[in-house]
Amino acid sequence: AAHPDEIIFTSCATESDNTAIWTSLFTQKDKNEIVTTKLEHPAILDTCSFLSGRGVEVKYLSANHLGDIDPAEFEKLLNPKTALASIMWANNETGNIYPVPEMAEIAAAHNVVFHTDAVQAVGHVPIDVEKDNIDMLSLSGHKFHAPKGVGALYVRKNIPLFNLIEGGAQER
């Protein structure tokens with residue numbers, strides 16, 4: 001279970017996704033690679049596209065004809081320069097549920113920060129951020145009856161957080 005001080009409230013999952021990406025790059029100056037899939041939400045894909053034109057190498061895990069991804073291929077893409085692996089938990093278009101706990105464990109073994117966009121998974125699949133080795137998890141409140149404009153980012157205590165906005169010390 002997450003601790004209250006590991007939850008950062010945001011305006012939406014897009015802000016949470018962006019915070020995960022940017023904080024992973026800004027807090028690990030010696031790492032400049034991201035591993036993700038082409039199946040991700042535009043909040044991930046558009047940010048990665050923007051960064052790829054600015055010196056960040058983005059590696060995309062392939063999917064088969066059913067939209068499934070292979071954890072063994074994922075592991076081959078990780079290296080000491082990988083700042084972040086970001087894999088969605090459940091795909092809103094295909095309904096696929098990805099092996100996030102297995103991939104998070106692989107990332108941890110390679111000292112890579114693991115993020116999941118779990119917007120479509122929260123409330124539908126069992127999630128235990130500690131047991132599942134999740135470093136960061138994005139969610140959107142409106143998917144489980146909160147008002148629109150409410151999001152959150154879970155950030156494991158040992159993961160440094162970069163302030164995207166200066167001026168307030170609340171929420172780390």
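Glu6 places a side-chain N or O within donor-acceptor distance of the main-chain N or O of His3, the cut-off being under 3.5 Å. Checked by atom type and distance alone, the side chain of Ser16 pairs as donor or acceptor with a backbone atom of Ala152 at under 3.5 Å. A donor-acceptor pair under 3.5 Å is absent between the side-chain atoms of Asn32 and the main chain of Val56, judged by distance alone. The closest donor-acceptor contact from the side chain of Asp68 to the backbone of Ala63 lies at 3.5 Å or more, if one exists at all.
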> After noting the C-alpha distance and the side-chain angles of Thr19 and Leu161, does the key distance pass the side-chain contact (heavy atoms from CB on, under 4.5 Å) rule?
Replying inline: CA-CA 9 Å; Thr19 301; Leu161 187 61; 4.2 Å; yes

> Where do Glu75 and His110 land on the side-chain contact (heavy atoms from CB on, under 4.5 Å) test, with the steps shown first?
Replying inline: CA-CA 8 Å; Glu75 185 166 22; His110 289 273; 2.9 Å; yes

> Could you go step by step and tell me if Leu78 and Val35 meet the side-chain contact (heavy atoms from CB on, under 4.5 Å) rule?
Replying inline: CA-CA 7 Å; Leu78 303 178; Val35 173; 4.0 Å; yes

>> Pair Val100, Asp132 - check side-chain contact (heavy atoms from CB on, under 4.5 Å), show working.
In response: CA-CA 8 Å; Val100 165; Asp132 295 333; 6.0 Å; no

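Note on residues 18-37: pairs passing ring pair (Phe, Tyr, Trp, His ring centres under 6.0 Å), not counting sequence neighbours, are Trp22-Phe26, Phe26-Phe162.
Each of Val150 and Val122 belongs to its own hydrophobic cluster when Ile, Leu, Val, Met, Phe, Trp and Tyr are linked at side-chain heavy-atom distances under 4.5 angstrom. Put simply, Val119 and Val129 are part of two different groups of oily side chains (I, L, V, M, F, W, Y) that touch within less than 4.5 Å, one to the next.
Met103 CE to Asn133 CG: the interatomic distance, rounded to the nearest 0.5 Å, is 13.5 Å. With values rounded to the nearest 0.5 angstrom, Tyr98 atom OH is found 9.5 Å from Leu61 atom CG. Once rounded to the nearest 0.5 Å, the distance linking NZ of Lys148 with OG of Ser11 reads 13.0 Å. Between Cys48 atom SG and Lys38 atom NZ the span is 10.5 Å, to the nearest 0.5 Å. Note that CG of Leu77 and OG of Ser62 are 8.0 Å apart. Values are rounded to the nearest 0.5 Å.
Here the shortest heavy-atom pairing between Leu45 and Thr37 reads CD2-O, 3.2 Å. When all heavy atoms of Ala83 and Val113 are compared, the pair lying nearest together is O-CB, 3.6 Å. Among all heavy-atom pairs drawn from Tyr60 and Ser49, the shortest one is OH-N, 4.5 Å. Residue Asn96 comes nearest to Thr94 through the heavy atom pair OD1-OG1, 3.0 Å, listed as atom of the first residue, atom of the second, then distance. The shortest non-hydrogen separation linking Pro71 to Glu102 is CB-OE2, 3.5 Å. Here the closest non-hydrogen pair linking Thr47 and Ala43 is OG1-O, 2.8 Å.
Side-chain contact between Leu153 and Leu137: absent, with no pair of heavy atoms (C-beta onward) separated by less than 4.5 Å. Here the side chains of Thr14 and His41 are in contact, with some heavy-atom distance below 4.5 Å. Using a 4.5 Å cut-off on side-chain heavy atoms (C-beta onward), Met136 and Leu84 make contact. Contact of the Pro101 side chain with the Trp89 side chain is registered, since non-hydrogen atoms from C-beta on lie closer than 4.5 Å. Side-chain contact between Ile34 and Leu25 is present, with at least one heavy-atom pair separated by less than 4.5 Å.
Environment of CD in Glu73: crowded, with over 12 heavy atoms of neighbouring residues, nucleotides or ligands closer than 6.0 Å. A 6.0 Å sphere centred on CG of Asn111 holds no more than 12 heavy atoms belonging to other residues, nucleotides or ligands.
No hydrogens or angles considered: nothing links the side chains of Thr36 and Ser86 as a donor-acceptor pair under 3.5 Å. No side-chain donor from either of Glu57 and Ser52 sits under 3.5 Å from a side-chain acceptor of the other. For the residue pair Glu33 / Asn79, a side-chain donor-acceptor distance below 3.5 Å is found, with atom types taken as modelled.
Under the ring pair (Phe, Tyr, Trp, His ring centres under 6.0 Å) criterion, Phe50 pairs with no residue at all, not counting sequence neighbours.
Results of the side chain to side chain contact (heavy atoms under 4.5 Å, CB included) test with Asp17 over Asp46, Asp117, Thr116 single out Asp117 as the only residue that passes. Checking Ile134, Ile44, Ile87, Asp135 one by one against His115, the side chain to side chain contact (heavy atoms under 4.5 Å, CB included) holds for a single residue, Ile44.
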